[in-house]
Each structure stands twice: as structure tokens, then as C-alpha cells.
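So you know, we letter chains A, B, ... as the sequences are listed, proteins then strands, and number each from 1.
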2 protein chains.
Amino acid sequence: MGKNPKRNRETLESTQEMSKCILKNKQFNSEEAEEIIQAIRIENHPKGSILLKEGEVAKDCYLLMKGCVRQYFLVDGVEKTTFFFVEEQGFSSFKSAAKGIPSDHFLECIEDCTLAVLSVQKELELYQKYPNFESLSRSGLEDQLGDYQEMLAKFITSKPEDRYLDLLENRPELINRIPQYQLASYLGVSPETLSRIRKRIFLKK
Amino acid sequence: MGKNPKRNRETLESTQEMSKCILKNKQFNSEEAEEIIQAIRIENHPKGSILLKEGEVAKDCYLLMKGCVRQYFLVDGVEKTTFFFVEEQGFSSFKSAAKGIPSDHFLECIEDCTLAVLSVQKELELYQKYPNFESLSRSGLEDQLGDYQEMLAKFITSKPEDRYLDLLENRPELINRIPQYQLASYLGVSPETLSRIRKRIFLKK
DNA sequence: TTTCTTTCTTGACAAACGTCAATGAAAGTC
DNA sequence: GACTTTCATTGACGTTTGTCAAGAAAGAAA
């Protein structure tokens, strides 16, 4: 599954879309953009396929064009979901990719996914060649780091119910797309508790 | 407090130490290193001083040479601690600094601190001038992002008691340096609960 | 459709947590 | 030294959560 990504009409459209995304960026001239586009491959992975297993070394970084990817840990045989990536989000298993160490988590497509994939090796080459590309990456990393600082802070400072309300407000699309037991795990509670939290909220209105 | 940092023997030593840290990095020639060192100023802030207030726009990024800095939010009049920075750690309020928006949190020196400070503006200039410097920054950001991914995952997947045990194992120095009520907040529980958790752990041994 | 599987809900009970209040201990101040 | 302030501990009680188990609802497959 997912080992042999299809090359179809959707793939071509995604390539064009991704290309536009890079070309519109004024930091790049057409030559640079061309080489970057060449380095990126589009992959389609069906729902349920695993992009990265625990123990494997991450070799790629991703830009999600369509679908949803779940990051989870296996703790005492139980899956603990820690993140959902959706459209337009770029991501990688940084610890594993940057240091070449085995990943401690899994990445799973929980919907049919279309991904723009760039190998870490190629990425480094592009950094060397085009400082503008590294600049774009640094800036993106700063944004993401800001997001993570914020998420961690929210998680520390709020209760499960508040976190669910926060999700309702800031990422409502997740609630309809994602199985409730995975959302529960993401909120740090059991599926039963999330069910009760939903009931409590419903009764309050 | 902290508005008028002292220039003393300690400051000079810190400058030398920081300079060595940059010079030893083989990515830089002496000219580059010199300019970077010139751009960085050393500041001493006494215990209790605030580096950044909620509502202010972050203009600097920091490298902590000595002491400990606490990040906290003010939620309904209660301080919620979300991070402790210690020696050798570089940090910034990324969201605020990168986007020029007001900070949603505070940064407080909870010990007498010696900091290497670089303004965001100067930082961007150095990136423009020396791609190697931006490269160093990108790499550092990736490391930090990996750390944050890991921390968030740990927080989601573990209970308060596990988090305390984790702290005992991985950052034991924090436990003796930091008031317990701030640690409790950092672990996401009330001071009373942390006190009881410690008792439980003690009884188990 | 029917059947099977997966997911969600509900109940019951024990464990853990938050809050309020009181007490103790430690550190700093006069 | 005595005093004040701050921080840590302990008890009591109500709320929330986890777990186990059973049943309902929703999807997928035959």
C-alpha cells in the first residue's frame, strides 16, 4: 500500500498547483523554481497507508496537497495521536530527518492523500545552491516553531473540555473528518471522556 | 530593573565565551565571526526582571549564558508556566518576533541571568549577508522544532505523575532550581497535586 | 437487504485532580 | 531576636477522568 503511487490526472494537477505555489514566490527566478520543482515528486497514498514507521529513519519531508496525515506513538500497545496535518501544511519528522536517527512515531494517511515529497538529501543540496530556498525554509520553520510553542502552551494551560472547545473554534474541519477516538487521543483523554465532554457541552447550550 | 544592565567583569567573560562559541564554528571565517560578535550584546538581568511582557512586540532573540528564564501566560489572573530555558539554550518569542505581533506571554528571569542578545532586525541583516549564518539558524530551528514535537507528544501521551518522573530523569537540575508551584504549573497541575504526586512517588520506593 | 465490523454512547465504580482552608516550614526583613 | 511573607504540605469534599463492560449506532461488505 502506497509503495507504488499512481501517476494519474490528479497527480498532474497537483504538480501544476505545487509549481504555481513555488513560482508565485517572488524570491525565486524561473531557473531556481524549475530546479526545485524537478526535485519534488508528487505521490498519492491511499487511506490507511503508512508514510513512516517507528524505527525507520525519515528520509523525506512533505507538503500535503490533499488529505490528512496523522502522527501517532505506540505506547504500551496503544496508539497515542499527537498531531493531524491537513492541506497546505508542510511537515517532516525533524528529529529523525535532521539527525538521521530512528523515528519514535508513525505517520499515517487517514484519508487518500496527495503529497509533494522532497528528500532530505535533495533539500540540503538546494539549500547549498539557493540561499533563497534556505531562507524560505528558515522562515517557515520559525512559523511552525511559533505554532508549536502556542500549542504546547495551550495544552499545558487548559483542560480537556477547553481544548475541545478550542478545536471547535479554530479547527472545526477536523471534527467532522476525524474519528472521535483519534480526536480523544489527540486531546489527551479516553474516547469515553470525549463522548461525555461533548454531551456536557451540548447540555449547556 | 534590568533596564540598565551592568557592564562588569562577568559581562566581559561572557562576551569572550560567546565569541569562542561562534569562532569555533568552522562555518565562519574570522571576518564573519567578527561581525556577528559585534552585533551581539551581552546583558545582565537580575532575578525577577521581565524580558518581555504580554502585549509587547518581541524585538530580540536570546542565548542564555547563565541563569534561568521562565515563559508564562496570564490566564484569568493566574500565571501558567509553559517553559523553562536554561544555560546554552537559544530562544525567542517566534510568533511575535517573526510576524511583528504582540506577545501573548511573558519572559521572566527567575535567577540572575547573563544573556547574549541579538535584535531581530540585525539578525535578518546577517542572514542576508552571510548565508552560513542563516544555515546555522535553520539547523538550530530544526533541532528546536524536533524538541517541541517531542515535548508536545510527551505531554499528550503521559499523565502528570509520568511527566514528573520524566523531569526527574531528564532535567533533574530543574527540580532543585525552580519553585515547586512553578513546576506544578509547568506540569499542568495545581501545586497541591504536585505535592501529593511527590508523596506518592516517595511512598512507592 | 442482511450480516459483520467498527465506532460511539452509557452506566457503574475506583482513582486522580481541583479547590478551599488550615497548618508548617523556610526565607527574607526589620 | 521577632516579625512578615512566601512556599509547601495536609485534610475534606465535590468534580472529572479512567477503566471495564454492555448496548446502540453507523459503515462496510456480502
### Query
Under 3.5 Å, is there a donor-acceptor pair between the side chain of A:E88 and the main chain of A:M65?
no

### Query
Can any side-chain N or O of A:E123 pair as donor or acceptor with the backbone N or O of A:D60 at less than 3.5 Å?
no

### Query
Which residues within residues 181-192 of chain A lie with some heavy atom under 4.0 Å of an atom in DNA chain C?
A:Y181, A:E192

### Main-chain N/O of B:A153 paired with B:T157 side-chain donor or acceptor, under 3.5 Å
yes

### Task
For the pair A:F91 and A:F85, name the ring-plane relationship: parallel under 30°, tilted 30 to 60°, perpendicular over 60°.
parallel

### Aromatic plane relationship, B:F83 with B:Y148 - under 30° parallel, 30 to 60° tilted, over 60° perpendicular
parallel

#### Entry: A:I175 to A:L183 - nearest heavy-atom pair and separation
CA-CD1, 3.9 Å

### Task
With a 4.0 angstrom cut-off to heavy atoms of chain B, pull out the first and last contacting nucleotide of DNA chain D, in 5'-to-3' order.
D:dC7 to D:dA12

### Message
Can you give me the first and the last nucleotide of DNA chain C (5' to 3') that has an atom within less than 4.0 angstrom of a non-hydrogen atom in chain A?
### Response
C:dT7 to C:dA12

### Task
Check A:K53, A:K47, A:R70 against A:E108 for a salt bridge (charged side-chain N to carboxylate O under 4.0 Å, His left out) and give me the one that passes.
A:R70

### Task
Look at the side chain of A:R177 and the backbone N and O of A:G67, then say whether any donor-acceptor pair between them is shorter than 3.5 Å.
yes

### Message
Heavy-atom nearest nucleotide on DNA chain C for A:K159 versus A:I178: which residue maps closer to 5'?
### Response
A:I178

### Message
Under 6.0 Å from the ring centre and within 45 degrees of the ring axis: does the NZ or CZ of B:R163 meet both conditions for the six-membered ring of B:F155?
### Response
yes

### Message
Treating B:S96 as the side-chain partner and B:S93 as the backbone partner, does any N or O pair qualify as donor plus acceptor under 3.5 Å?
### Response
no

### Query
Considering heavy-atom distances to DNA chain C, does A:R196 or B:I197 have its closest nucleotide positioned more toward the 5' end?
A:R196

